[in-house]
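Down below is the structure, laid out as structure tokens.
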Protein chains: 2
Amino acid sequence: MTNQEKNCRARLHLVDSHRQCQHCQAEKLCLSFGLDQSIGAEMRDLIQERGPFQAGDTIYRQSDPFRSIYSIQSGCVKAETVTVDGRASVVGFFHPGDLAGLDGIGSKTYPTDLIALETTWICEIPYKELLDLCGHSPKLQSRFIERMGMTIQQHEQDWKVLRSDPAEIRVMRFLYQLHERNRRNGSTSPRVKLPMAKQDLASYLSLTPESLSRVLTRMQTDGYILKESQRVLVLQKSLEDELGLPVSRS
Amino acid sequence: MTNQEKNCRARLHLVDSHRQCQHCQAEKLCLSFGLDQSIGAEMRDLIQERGPFQAGDTIYRQSDPFRSIYSIQSGCVKAETVTVDGRASVVGFFHPGDLAGLDGIGSKTYPTDLIALETTWICEIPYKELLDLCGHSPKLQSRFIERMGMTIQQHEQDWKVLRSDPAEIRVMRFLYQLHERNRRNGSTSPRVKLPMAKQDLASYLSLTPESLSRVLTRMQTDGYILKESQRVLVLQKSLEDELGLPVSRS
DNA sequence: CGACGGGTTGACTGGATTCAAGCCACGTGG
DNA sequence: CCACGTGGCTTGAATCCAGTCAACCCGTCG
């Protein structure tokens, strides 16, 4: 199996961890950013830089034993689970600076697959050792726990939104968040590049690919966006107004 | 305002924290269960037992400053947020042994209201002090972080389910989980008591009250349940088969 | 008593799914 | 080079599930 081989290669590809994070677009979001000298050094020893993963490569699999959490340096990954009836269902996307694998804490195994969507570098952080270090660094401890708390809150938010809002609003909100992330990273372009396939996005938004497609064309005819290419959209209007008030199309 | 007064009374009602948790139905689920002597004692000093809250009493409000997390001793509470357009939306229910308020970690304020659904006793655990203690007890630290990880995983699961499944399956799954919780607590009865109002449950399942009502009557005519009273359902068939495979009504 | 809020029921509507066909870019092999 | 197949995506028509709006029931409380 070509795919399996590729995954194997990806898994075995380890990079010297002392390369000083030169692939990292997310240094300031790193758990170890700005720690005391000694703890910071221990942290850097702990972390395993891994990559590059290519689109489709598996970082870990559902029911693999849980050992590490992963910090995204560059690229983009998706987390998905396989439901009883065999359909895959995307439960999250992770961008540079995000921590993936937190949902494995408290279980013996990961509850999702983690799969790269494009060329991706990540930091593997062994969980047990991280906990040890947290015990010796209140700063690291509180930072880590806060990240988990923010994740919980984020889930709650997303959930609340996803529930009652119509398809178009869900898509708009997703694009808006992606665009906001770009802005925070210094971009000024109205272009939004979708790192994931449309079907992944549809699954994430709990839409069928057909519905997503229809929504995007409708948004184009309504002048909200312009489909520049398969993976790139250009925002034509600020979406904030639409999203601030829920569905009021006054 | 009658309601406000009631809330005030509830807020101010403090109980001596050394009463040895005699209201607690959840000792074994407690963060401090089975800790070393000294840490356990510090933990007990830290915890503020509070109650009784009555149905409708507020434990904390959205945008109150975040200071503590709350462990449910007995009773049941809901967490809800108010959306921009003023509708309330229930994002979770908490039962004895559950930790509420975790979504406030990482923010300055709570993102939800926490409201009692019936007579409820809780333990207030100041967050800063808990972190301190975690720094001195690896056991407590890992236990706390594991609870957060389980919360994240739970959210992911619920979310995945809630998204694509039809109303009837969502309701079945909810009843099943409630019943499972009862079984784990030693109950053998097929009766399931709903601690929350139907509209809260509907909101949580992202249904309208009308749809929930229809689903429940349909489930009764199909022989799955029997509506014994407003708040009590009797399970007639095991729901596992229906939930294992998704919608196959063979 | 009458007002009220929670809950149920009914008829209708609409948005998203389903099923089916078609399009387009891509790679493969003749 | 072109025919062909494939996978991701789009488009169209029919269906269905849940939402909406309205009426009604019922227990509670002033």
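Chain A is the first sequence line, chain B the second, and so forth, proteins listed ahead of strands; every chain is numbered from 1.
- Rounded to a whole Å, the CD atom of B/Gln230 is 9 Å from the P atom of D/dG27.
- Here CE of B/Met172 is found 6.0 Å from CG of B/Leu239. Values are rounded to the nearest 0.5 Å.
- Taking only side-chain atoms of A/Arg218, from C-beta outward, the nucleotide of D/dT11, C/dT9, C/dA16 with the closest atom is C/dA16.
- Here the nucleotide nearest the side chain of A/Thr208, chosen from D/dT11, D/dG19, C/dT17, is C/dT17.
- What separates CD of B/Glu168 from C1' of D/dC16 is a distance of 14 Å, to the nearest Å.
- In the set D/dT11, D/dC9, C/dG7, the nucleotide with an atom closest to the side chain of A/Glu210 is D/dT11.
- The CG atom of B/Asp200 sits 16 Å away from the P atom of C/dG5 (whole-angstrom rounding).
- When rounded to the nearest whole Å, the span between CG of A/Leu117 and P of D/dG8 equals 13 Å.
- B/Ser213 has a side-chain polar atom (N or O) that falls below the 4.0 Å cut-off from OP1 or OP2 of C/dT8.
- Straight-line distance from the CG atom of A/Leu205 to the P atom of C/dG15: 18 Å, rounded to whole Å.
- Whole-Å rounding puts the A/Asp165 CG to D/dG19 P distance at 13 Å.
- Rounded to whole Å, atom P of D/dT20 lies 15 Å from atom CD of B/Gln199.
- Side chain A/Arg214 to base D/dG12: a donor-acceptor pair is found below 3.5 Å.
- In this structure the side chain of A/Asp113 reaches within 4.5 angstrom of the side chain of A/Arg61, judged on heavy atoms.
- Checked for salt-bridge contact, A/Glu118 and A/Arg231 miss the test: no charged N lies under 4.0 Å from a carboxylate O.
- Dense packing is recorded around CZ of B/Arg181, with more than 12 heavy atoms of other residues, nucleotides or ligands lying under 6.0 Å away.
- The side chain of A/Thr217 lies closest to D/dT11, out of C/dA16, D/dT11, D/dG19.
- Listed pair A/Lys227 / D/dC9 fails the phosphate criterion, with no side-chain N or O lying under 4.0 Å from OP1 or OP2.
- Backbone-only engagement by B/Leu207 is indicated by non-hydrogen atom pairs under 4.0 Å involving sugar-phosphate atoms exclusively.
- Between B/Leu194 atom CG and C/dG7 atom C1' there is a gap of 13 Å when expressed in whole angstrom units.
- Using a 4.5 Å cut-off on side-chain heavy atoms (C-beta onward), B/Leu201 and B/Leu207 make no contact.
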